[in-house]
Amino acid sequence: MLKHKIALDVGDVRIGVAVSDLLGITANPRETYVRKKGDVKADIEYFCQYAKKEDADAFVLGLPKNMDGTEGDRARITREFGDMLAEASGLPVFYQDERLTTVSAERMLIDADVRREKRKQVIDKVAATIILQSYLDSRKF
């Protein structure tokens, strides 16, 4: 049975969300979730419910590596979030290198002539879409 994948671009304030089609060919931007300040359990619960609603079988989290490929504090925080998400949802969590995804998202939005105020509102979900599309493309033969 085919199911969706959900990608998350995890930030301190916002989390960009993208969802794959059932065939795992395309990633689609969905929303920018504003985190519950100081309540990571509420954030985790939200995405557990989101996965049920979307009939998802996995999460893909953007892993913010350093330019030299090493993992720093942001990667550690993302992995901790992923561990909590996997435990609470019972779904596997995969990680996709997200170096320069926000830069790519910003360039795409500028090229599309999206105004600065609007870019702030959508950049996280566009970054999540790039993360998910990279993940999906890496699994194609």
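Across all their heavy atoms, A128 and A7 have their closest contact at O-CB, 3.6 Å. For P64 against G62, the heavy-atom pair with the smallest separation is CD-O, 3.3 Å.
Note that CD of Q96 and CG of L136 are 9.0 Å apart. Values are rounded to the nearest 0.5 Å. Taking NZ of K125 as the reference point, atom CD1 of I130 lies at 13.5 Å (rounded to 0.5 Å). To the nearest 0.5 angstrom, T32 atom OG1 is 7.5 Å from R14 atom CZ. Distance CG/D97 to NZ/K65: 5.0 Å, rounded to 0.5 Å. The distance from atom CZ of R139 to atom OG of S134, rounded to the nearest 0.5 Å, is 10.5 Å.
The hydrophobic cluster around V10 extends to I6, L8, I15, V17, V19, Y33, V40, I44, Y46, F47, Y50, F59, L61, L63, F81, M84, L85, L91, V93, Y95, counting ILVMFWY residues whose side-chain heavy atoms fall within less than 4.5 Å of a member.
Judged by distance alone, with hydrogens and angles left aside, the side-chain atoms of D21 form a donor-acceptor pair with the main-chain N or O of T26 at under 3.5 Å. Between the side chain of R76 and the main chain of E71, no donor-acceptor pair closer than 3.5 Å is present. A donor-acceptor contact shorter than 3.5 Å links the side chain of S20 to the backbone of K5.
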Q: Please lay out, stage by stage, how E45 and K41 fare under the test salt bridge (charged side-chain N to carboxylate O under 4.0 Å, His left out).
A: CA-CA 6 Å; E45 180 56 31; K41 288 183 182 179; over 6 Å; no
Q: Might you work through the salt bridge (charged side-chain N to carboxylate O under 4.0 Å, His left out) test for D55 and K3, ending with a clear yes or no?
A: CA-CA 6 Å; D55 194 28; K3 296 196 177 238; 2.8 Å; yes
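Partners of D68 according to the side chain to side chain contact (heavy atoms under 4.5 Å, CB included) rule, which considers only residues two or more places apart in sequence or in another chain, are N66, T70. Legend: residues meeting side chain to side chain contact (heavy atoms under 4.5 Å, CB included) with T129, ordered by chain and number and at least two apart, are A18, A27, P29.
The side-chain heavy atoms of D12 and R74, taken from C-beta on, include a pair separated by under 4.5 Å.
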